[in-house]
Amino acid sequence: MSDIPLGVLDLVPVSSGSTATEALRNSIDLARRTESFGYARYWYAEHHLNPGVAGTSPAVVLALTASATSTIRLGSGAVQLGHRTALSTVEEFGLIDALHPGRLDLGLGRSGGRPPGGPVTPPPTATPVVDGRTPGGLRIPARFSFEGLLGSPRIALQRKLLLLPNAESQAYGEQVDDILALLAGTYRSGDGVEAHVVPGEGADIEIWILGSSGGESAEAAGRGGLRFAANYHVSPATVLEAVEGYRAAFKPSDVLDKPYVSVSADVVVAQDDETARELATGYGLWVRSIRTAEGAIPFPTPDEARAHAWSDADRALVQDRVDTQFAGSPGRVADQLARLQEATGADELLITTITHGHADRVRSYELLAEEWRTR
């Protein structure tokens with residue numbers, strides 16, 4: 001399995017009792033450390049109005065991280081296009097590329113404030129799942145409904161604050177096409193006017209589409225012959241639909257002659273299973289805060305998480321995410337990641353790890369890298 005590269009997806013989590021400043025410093029330190037461990041990519045997610053997540057602007061954090069690293073690829077996982085224009089996106093990444101050329105991945109998400117995982121029709125070739133598991137043993141839970149989040153006042157406020165008054169988001173596929181044209185220097189308006197972005201035009205930036213289902217994002221990535229990142233850590237129930245929808249829609253391009261997929265997973269690694277499970281104790285409570293639409297809380301200590309009075313409704317709300325988090329010894333987690341890779345046919349795996357202590361988080365990535373190299 002060592003021929004399957006590992007990357008990092010970082011939400012810039014704020015731990016309870018800590019600050020956003022410390023979270024940002026920790027993330028930049030983690031990027032430097034994972035570069036030395038041999039990870040191929042380091043991506044920052046984008047989230048807003050979350051007390052426990054400081055990653056509000058991937059481009060800004062990437063610029064800071066680029067100066068602290070030298071070889072690891074840096075990217076967004078993902079820039080949310082629902083409240084941006086194609087031009088602003090290319091300009092931001094063009095500025096970073098001007099000083100750190102050839103290292104950027106521009107990951108594009110379909111919207112801002114609209115959760116993924118809506119109903120889709122699985123491709124006719126969908127991999128069979130037996131009793132909630134693939135034939136290889138990967139856990140595929142029941143589909144989670146995001147309807148409660150969609151109607152949340154906080155999500156509505158987020159969209160209001162991110163969008164200019166009376167502004168309408170451009171259709172996602174059109175935005176992706178405009179970004180590609182602006183980077184290539186081929187953009188023309190409907191009446192033939194050219195636009196040239198400096199810096200940005202001609203930049204050697206890899207474009208990725210991120211998606212959690214086999215819907216619009218997967219189809220846009222496939223039709224455009226672009227790289228696709230599927231989110232097992234966000235929507236484990238639909239990961240197979242996502243990768244198979246992408247492959248079904250794929251058409252060769254100047255970028256790729258065949259599909260190329262990365263798949264994400266939530267992971268905590270420690271020297272033994274018991275320690276890893278203890279470090280992961282806060283995960284369920286943290287996921288609960290997201291899925292109740294209150295916004296991600298600062299990541300709790302194990303004791304803080306254990307103090308929560310769990311109801312049956314709480315447990316049901318987070319069960320799919322807790323059941324599909326890979327927490328354990330290096331060997332156990334590497335085996336689980338191998339099953340994920342086999343089930344999805346992933347060309348790369350993207351690892352997201354959150355623990356309350358920064359040293360535990362760094363150690364988790366280090367232990368995983370050491371084990372992966374032996375596979």
Side-chain angles (χ1 to χ4, degrees), residues 9 11-18 23 45 47-55 113-119 129 131-133 138-158 212-213 231-239 264-270 273-328 332-333 336 340 351-357 360-361 364:
L9 175 61
L11 279 63
V12 195
V14 181
S15 294
S16 64
S18 185
H47 295 283
H48 301 276
L49 300 183
N50 287 275
V53 172
R114 191 183 329 157
V129 175
D131 295 328
R133 294 183 183 273
L138 178 70
R139 181 68 180 268
I140 302 294
R143 187 188 300 270
F144 176 79
S145 173
F146 286 90
E147 290 304 313
L149 281 170
L150 287 170
S152 159
R154 189 185 69 85
I155 298 299
L157 176 61
Q158 174 180 308
S212 296
S213 74
N231 296 319
Y232 183 69
H233 85 281
V234 172
S235 184
T238 56
V239 67
S264 64
D266 256 304
V267 166
V268 176
V269 181
D273 293 344
E274 182 179 359
T275 303
R277 286 193 295 267
E278 175 70 5
L279 294 176
T281 303
Y283 182 70
L285 187 59
W286 183 77
V287 172
R288 177 192 174 277
S289 69
I290 297 169
R291 287 190 166 178
T292 55
E294 65 187 82
I297 60 174
F299 198 83
T301 66
D303 286 343
E304 288 169 340
R306 280 189 286 266
H308 178 75
W310 284 87
S311 67
D312 290 342
D314 280 344
R315 292 188 179 90
L317 190 66
V318 305
Q319 199 65 54
D320 65 319
R321 292 282 296 272
V322 172
D323 286 347
T324 55
Q325 185 187 37
F326 301 156
R332 177 182 292 274
V333 170
Q336 291 171 310
L340 176 63
I351 309 302
T352 181
T353 296
I354 304 178
T355 59
H356 186 269
D360 295 322
R361 193 169 175 229
S364 177

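Being a predicted model, the structure only gives us computed values, none of them experimental.
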Q: Could you tell me which residues satisfy ring-ring contact (aromatic ring centres under 6.0 Å, His included) with H233, sequence neighbours excluded, listed by chain and number?
A: none

(Q) Could you check whether any side-chain N or O of T353 sits under 3.5 Å from a backbone N or O of R361, counting only pairs where one atom can act as donor and the other as acceptor? (A) no

**Q.** Point-to-point distance, once rounded to the nearest 0.5 Å, from NE2 of H356 to CH2 of W286
**A.** 14.0 Å

Q.
Looking at every heavy atom in both Y283 and F299, which two are closest together, and how far apart are they?
A. N-CZ, 3.6 Å

(Q) To check you understand the geometry: which heavy-atom pair defines the closest contact between A296 and V53, and what is its length? (A) CB-CG2, 3.8 Å

(Q) Can you confirm whether more than 12 heavy atoms, excluding those of R332, are under 6.0 Å from its CZ atom? (A) no

**Q.** Non-neighbouring partners of R154 that pass side-chain hydrogen bond (donor to acceptor under 3.5 Å, both in side chains), sequence neighbours left out
**A.** none

**Q.** Interatomic distance, R291 atom CZ to F144 atom CZ [nearest 0.5 angstrom]
**A.** 4.0 Å

Q: Spell out, as yes or no, whether a donor-acceptor pair under 3.5 Å connects the side chain of N50 to the backbone of H48.
A: yes

Q: First locate atom CG of L11, then atom CG of L9, and finally report the distance between them rounded to the nearest 0.5 Å.
A: 5.5 Å

Q: Only counting residues at least two apart or in another chain, list the ones meeting side-chain contact (heavy atoms from CB on, under 4.5 Å) with L285.
A: R288, I297, P300, A305, H308, W310

Q: State the CD1-CG distance between I354 and D360, to the nearest 0.5 angstrom.
A: 13.5 Å

Q) Any chance CD of E294 has more than 12 other-residue heavy atoms, nucleotides or ligands included, within less than 6.0 Å? A) yes

Q: Return the set of residues passing side-chain hydrogen bond (donor to acceptor under 3.5 Å, both in side chains) with D303 (not counting sequence neighbours), or none when no residue passes.
A: R306

Q | Atom of T324, atom of P141 and distance for their closest heavy-atom approach | A | CG2-CD, 3.9 Å

**Q.** Intermediate values then yes/no, side-chain contact (heavy atoms from CB on, under 4.5 Å), V129 and L138
**A.** CA-CA 9 Å; V129 175; L138 178 70; over 6 Å; no

**Q.** Minimal non-hydrogen separation, L317 against T292, with atom names
**A.** CD2-CG2, 3.5 Å

**Q.** side-chain hydrogen bond (donor to acceptor under 3.5 Å, both in side chains) partners for S289, two or more places apart
**A.** none

Q.
T275: which residues meet the side-chain hydrogen bond (donor to acceptor under 3.5 Å, both in side chains) condition with it, sequence neighbours left out?
A. D272

Q | Closest heavy-atom pair and its distance - Q336, A327 | A | OE1-N, 4.2 Å

**Q.** Residue pair S16 / T301, side-chain heavy-atom distance below 4.5 Å
**A.** yes

Q: For residues V268 and V333, report the shortest heavy-atom separation together with the two atoms involved.
A: O-CG2, 3.9 Å

